[in-house]
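Below you'll find the structure I mean.
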Amino acid sequence: MEISNEIRQAALALGEALHSTKAVQEYLDARARLLRDAQSTELELSLDALVSSLEARQRAGEQPSPEELDAFYALRSRVWGNPLITKRNATLGLLKPVFADVADDIRGALGLDFIQMTMATE
Amino acid sequence: MNIQSDLQNSSITLELEPHRAAKTLGECLRGTPEFQNYVQAVRAVNGDLEIQKLSAKMRGHRTALKWATGDKSVHIVELERLEGEMQAYPVYQVYRQAQSEIRALFQSVDRLISQTAGVEFSANAQPSRGCCG
């Protein structure tokens, strides 16, 4: 999609302004710390893979065994207890209201819900 | 010279900047042909009596499906039929085209914002859908 130079500049200015906020900087820092730690990253990926596999089996009508559920809860506890993952998630949680406020400003100026239009699948 | 005060002022400026940038972007987007076409198409659809009648019927079936009242399969078939009927109207076709164009523009803009910010913008600006396990 071709966009005009004016819109491009305005979008880049907003991106840069968001990048320089404390909320984004703290999130990016926390994300980078997590990505540098292979053990924590693998732990999170293992949980994602296990959740996907269990969901696929449930969709197929198969129930996980009690041992498999125990393994899932144990892995999830380890992920939730991991300080790097917790910090990344917490900083992401703090960033969202900042983004929502900024989205409200766009909606106010535009008279249309930018986020809803962007995220709609239809 | 009061360094502490200067620092505080500069931090206030940094916090305000995204809001100003967001308003500027919103105003720029309002001036695009995609926005103007979309607004015009929405007005046309809202002003078309036949489309509004079809729309009201469709809302009725969607509500029935949501609250599980009546025969589900009948509602689905009827919704599909009404959707097909709606799509035959030129005014509705124009609306869908305008909607698709403005969406494509917004998605391109969102990608630019996200790439520069280093974080996905729209995906993280959505209202929370509640807690997940």
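Lettering follows sequence order; numbering is per chain, from 1.
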*asked:* Any salt bridge linking A/E68 with A/R57? Criterion: basic side-chain nitrogen under 4.0 Å from a carboxylate oxygen.
replied: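 Judged by the 4.0 Å cut-off on N to carboxylate O distance, A/E68 and A/R57 do form a salt bridge.
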
_Check this for me: does any side-chain nitrogen of one of A/D29 and A/R33 sit under 4.0 Å from a carboxylate oxygen of the other?_
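So A/D29 pairs with A/R33 through a salt bridge.
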
*asked:* Please determine whether a side-chain nitrogen of the Lys or Arg among B/R81 and B/E78 lies less than 4.0 Å from a carboxylate oxygen of the Asp or Glu.
replied: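 The answer is yes: the pair qualifies as a salt bridge.
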
*Using non-hydrogen atoms and a limit below 4.5 Å, what part of residues 57-67 of chain B faces chain A?*
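Checking residues 57-67 of chain B against chain A gives no residue, so none.
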
*Distance-only polar pair, side chains of B/Q93 and B/Q97, donor-acceptor under 3.5 Å*: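 Their side chains do not contain a donor-acceptor pair, so the 3.5 Å distance test is not met.
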
*Are B/D110 and A/T118 linked by a side-chain donor-acceptor pair shorter than 3.5 Å?*
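No.
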
*Which bit of A/L28 is near chain B, if near means a heavy-atom gap under 4.5 Å: side chain, backbone, both or neither?*
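For A/L28, the contact with chain B is made by the side chain alone.
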
*Contact part of A/D104 toward chain B, heavy-atom cut-off under 4.5 Å: side chain, backbone, both or neither?*
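Looking at A/D104, nothing touches chain B.
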
*With chain A as the partner chain, list the residues of residues 25-51 of chain B whose heavy atoms fall under 4.5 Å from it, by residue number, and write 'none' if nothing qualifies.*
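Expected list: B/L25, B/G26, B/E27, B/C28, B/L29, B/R30, B/T32, B/E34, B/F35, B/Y38.
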
*Shared hydrophobic cluster for A/L47 and A/L43 (ILVMFWY, side-chain gaps under 4.5 Å)*: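 A/L47 clusters together with A/L43.
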
*asked:* Using salt bridge (charged side-chain N to carboxylate O under 4.0 Å, His left out), reason through A/R88 and A/E44 one step at a time and then give a plain yes or no.
replied: CA-CA 12 Å; A/R88 192 274 321 272; A/E44 191 173 43; 2.3 Å; yes

*Can the positive tip of A/R76 be found less than 6.0 Å from the middle of the six-membered ring of A/W80, inside 45° of the ring normal?*
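Yes, A/R76 lies over the aromatic ring of A/W80.
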
*Got a sec: does the CD of A/Q116 have more than 12 other heavy atoms crowding it under 6.0 Å?*
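No.
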
